[in-house]
Amino acid sequence: MPTGVAAPLLAVRDLSLSFATAGGALPITRNVGFSIAPGERVGLVGESGCGKTVTGLSLLRLLPAHNAQVRGEIVFDGVDLLKLSPRRMRAVRGRDIAMIFQEPMNALDPVFTVGDQISEAYRVHFPVSRAEGRDRAIEALREVGIPAPERRCDEYPHQLSGGMRQRVMIAMALICKPKLLIADEPTTALDVTVQAQITDLLRSLSERTGTALIFITHDLGVVAETCTRMITMYAGEVVEDAPVDDVLTRPRHPYTSGLLRSLPGLSARRGVLSSIPGRVPSPNAMPAGCRFRARCAHAAAGCEREQAMIEVDAGHAARCWRATELALRGAVN
Amino acid sequence: MTHSAPADPSEIIAVRDLRILFPTRDGHDTVKAVDGMDFEVRTGETFGIIGESGSGKTTLGRALVSLLKPTEGQILHQGVDPAALGAKAFRKHRRDYQIVFQDPNAALNPRMTIIDSVIEPLEIVGEGDATSRRRRGIAALERVGLSPEAADRYPHQLSGGQKQRVNIARVLTLRPKVIVCDEVVAALDVSIRGDVLNLFADLQREFGLTYVFITHDISVVSHISDRIAVTYLGKLMELGPAEDVIEHPLHPYTRALLSAEPIPLPSHLRVDRRIILEGEIPSPVAPPSGCRFRTRCPSVQERCAAEVPAWREVRPGHRVACHFATAEGPPPDQRQSEKTTVMGGPTCV
Ligand SMILES: Nc1ncnc2c1ncn2[C@@H]1O[C@H](COP(=O)(O)OP(=O)(O)OP(=O)(O)O)[C@@H](O)[C@H]1O
Ligand SMILES: Nc1ncnc2c1ncn2[C@@H]1O[C@H](COP(=O)(O)OP(=O)(O)OP(=O)(O)O)[C@@H](O)[C@H]1O
Ligand code: SF4
Ligand code: SF4
Ligand SMILES: [Mg+2]
Ligand SMILES: [Mg+2]
């Protein structure tokens, strides 16, 4: 490895995922690959059902064992997580990689105080006394901006508002100082003013502690304000991977460009909005070659050929045969 | 008929001092879901409503189409108080005022074909015979961009955007005057939102419809609306022409709401100052005294706890409920230096 280039914290290679169903294996993602440097904040975006959540879950090996089939490599800190024993995987989960979800109420246990739950998340991995666990929990609550943490510590989840509960989830996820936090739509259920609080919190915590972040969201504005890089998924594949400012200014995949152009924008009133015609092909009827072909305004002969990610700029790659020749519109006119 | 003054033909709905209260689940308290609202919806306009969760938008929307009765105050439809109509006249009146909800699945019975769902409202009002109902149903489906083949399918065979089109077709068959749209694109993917919003605009031009467009997505509301009302805890904070509200808000809450909207622009183009509001919306069971935004307002002063701000017109056609707002804009942010961050720059939460 050349000097000056840090080894990635996480390298996902050829991750293909399918679910066993009565009608045979249903392929969901195909050859997903990306890597994340220590401390980097990456937004993972794409249409509903394209495989964002299952990709996040597969990194922690949290997919249901009875029907999920995962192939590929998930190299974290030099170790392929897919090869770890269940016991060693449990040690990674929560300590090195943590995850938070859209609806914190489902992830919190209603019968324990938030303090007990945060402290437990720590004591699973580190042998400290109850008293020290509690001190750490209070400290963690303070870190995420909860006022009067000594008091809040002894409250139950139902006594907290939605935004407060999401802060508790973040406190719990970060208490072991993980190297990677996966946040799956953590602000989607929250009001925009509270969303702004939480995204600012995630960004500043990541900057301060060096925790890398995978931020799964369908909101490109949230990515622009929180992340340094954006990965676009479409129909189970990564189709674009680029620094945020680059891709917003000059997307190289027609799907990313279409997403950016579909946004109404704060001041553009009354014009006709653009949209992407058609819908995502279903998993058991995927076309060969480019999966976006039927919806793409730039499709041409040759687009049905088997594809790979093409590097178009430093750190900017797209899965499009025409990525280098097309001049696509981004968020800026 | 009511005893009120003759209806102003330019106003299709007039809301007067509206209150809608619910008992809390334990029955000991009252939720003030809508707690004193005064405004009018103009014929043929798109009236946008934005505000945070729990601020009373859905409750208001349901009341506007007579799905809920006012606890106090009045809602007049072209001068008529529907609550004062007899049962038969009310049924006839109601079909002019329709609502479409957020969840594309909610109004569709999974065991009914699409066409049966679409013509159900016509059957309920008992209009036409089976053949003419089917013909109107197919025409409505075509009008929203669905092929006649879709008519005999079931909901699970359609995408979310297609299902939302079916819901629109469903209310269109009744040829309403007003459609309340409650978060109708929230559940749709960004890539197809534009389609559905364009459809709404086309139908409005074609049928002269009036929309009340409820959403918490500021970019959607600013795109589609002629006027925008901002709700907070059961009250209106501000109401004015869309461009004016978005470009030159008068209320500190609107200003904060606008600045919180995440904008997908590269960092060098983001210059706005972001105002981070503290805390969250208080409970509508016991809203703060005086101005109900005061617990989070960066411009709060002593008077705000003591007096409820008047609902005043500060610029032409632009009303606000804040003691200190002037034609120039909202009062200055007292905590500006500590509480705002330059977006894209260093944070301080
Ligand atoms: N346990 C499961 N068994 C079978 N299929 C599943 C399972 N979990 C997810 N899927 C399917 O996998 C696909 C990808 O789902 P996923 O939840 O990752 O989408 P997503 O990109 O997160 O979408 P959204 O934006 O709606 O959250 C979907 O078609 C979904 O129905
Ligand atoms: N039938 C009911 N009984 C009791 N309380 C109710 C009822 N309907 C609504 N509420 C309460 O009234 C308040 C306003 O609710 P409403 O659904 O109108 O808000 P909203 O602005 O539409 O919120 P959202 O953005 O989450 O949809 C909330 O506190 C809600 O819990
Ligand atoms: S490969 Fe062809 S069809 Fe696919 S996105 Fe590129 S131009 Fe469009
Ligand atoms: S009346 Fe007072 S608290 Fe209310 S918005 Fe105006 S300055 Fe803020
Ligand atoms: Mg998901
Ligand atoms: Mg609502």
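Order of the sequence lines fixes the chain letters, A, B, ..., with proteins taken first and strands second; residue numbering starts at 1 for each chain.
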Partner residues of A:Arg165 under the side chain to side chain donor-acceptor pair (under 3.5 Å) criterion, sequence neighbours left out: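 Here no residue qualifies.
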Shorter than 4.5 Å, heavy atoms on both sides: which option in A:Gly278, A:Gly221, A:Ala224 has the most such pairs with chain B?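 Option with the top pair count is A:Gly221.
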Part of A:Val244 within contact of chain B (heavy atom distance under 4.5 Å):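 It is neither, since no heavy atom gets under 4.5 Å.
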Side chain, backbone, both or neither: which part of A:Thr226 has an atom under 4.5 Å from a heavy atom of chain B?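 When you check distances to chain B, no heavy atom of A:Thr226 falls under 4.5 Å.
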Would you give the length of the straight line joining atom [atom1] of [X] to atom [atom2] of [Y], rounded to the nearest 0.5 angstrom?
{"X": "A:Ser274", "Y": "B:Asp195", "atom1": "OG", "atom2": "CG", "result": "9.5 Å"}
{"X": "B:Leu265", "Y": "A:Asp245", "atom1": "CG", "atom2": "CG", "result": "10.0 Å"}
{"X": "A:Glu225", "Y": "B:Glu261", "atom1": "CD", "atom2": "CD", "result": "9.0 Å"}
{"X": "A:Ile276", "Y": "B:Arg193", "atom1": "CD1", "atom2": "CZ", "result": "12.5 Å"}
{"X": "A:Leu201", "Y": "B:Ile276", "atom1": "CG", "atom2": "CD1", "result": "10.5 Å"}

Examine the side chains of A:Ser48 and B:Asp189 and answer whether a donor and an acceptor come within less than 3.5 Å of each other.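 Checked: A:Ser48/B:Asp189 side chains show no N/O donor-acceptor pair below 3.5 Å.
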Atom of A:Arg279, atom of B:Gln157 and distance for their closest heavy-atom approach: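 Closest heavy-atom pair between A:Arg279 and B:Gln157: NH1-O, 3.9 Å.
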Nearest atoms (heavy-atom pairs only) where B:Val190 meets A:Ser262: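 Looking at all heavy atoms of both residues, the shortest contact is O-CB, 3.5 Å.
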Which answer fits B:Asn198, side chain, backbone, both or neither, if we ask what part of it has an atom under 4.5 Å from a heavy atom of chain A?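 Only the side chain of B:Asn198 comes within 4.5 Å of chain A.
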I need the single residue from B:Leu277, B:Ile275, B:Ile281 that forms a side-chain contact (heavy atoms from CB on, under 4.5 Å) with A:Thr193. Which is it?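 It is B:Leu277, the one option of B:Leu277, B:Ile275, B:Ile281 that forms the side-chain contact (heavy atoms from CB on, under 4.5 Å) with A:Thr193.
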So do the side chains of [X] and [Y] get within less than 4.5 Å of each other, counting heavy atoms only?
{"X": "B:Ser191", "Y": "A:Arg295", "result": "yes"}
{"X": "A:Leu263", "Y": "B:Pro264", "result": "yes"}
{"X": "A:Asp219", "Y": "B:Pro262", "result": "yes"}

If a pair satisfies ring-ring contact (aromatic ring centres under 6.0 Å, His included) and one of its residues is in residues 216-239 of chain A, list it, with sequence neighbours excluded.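 Sorted result for residues 216-239 of chain A: A:Tyr234-A:Tyr255, A:Tyr234-A:Phe292.
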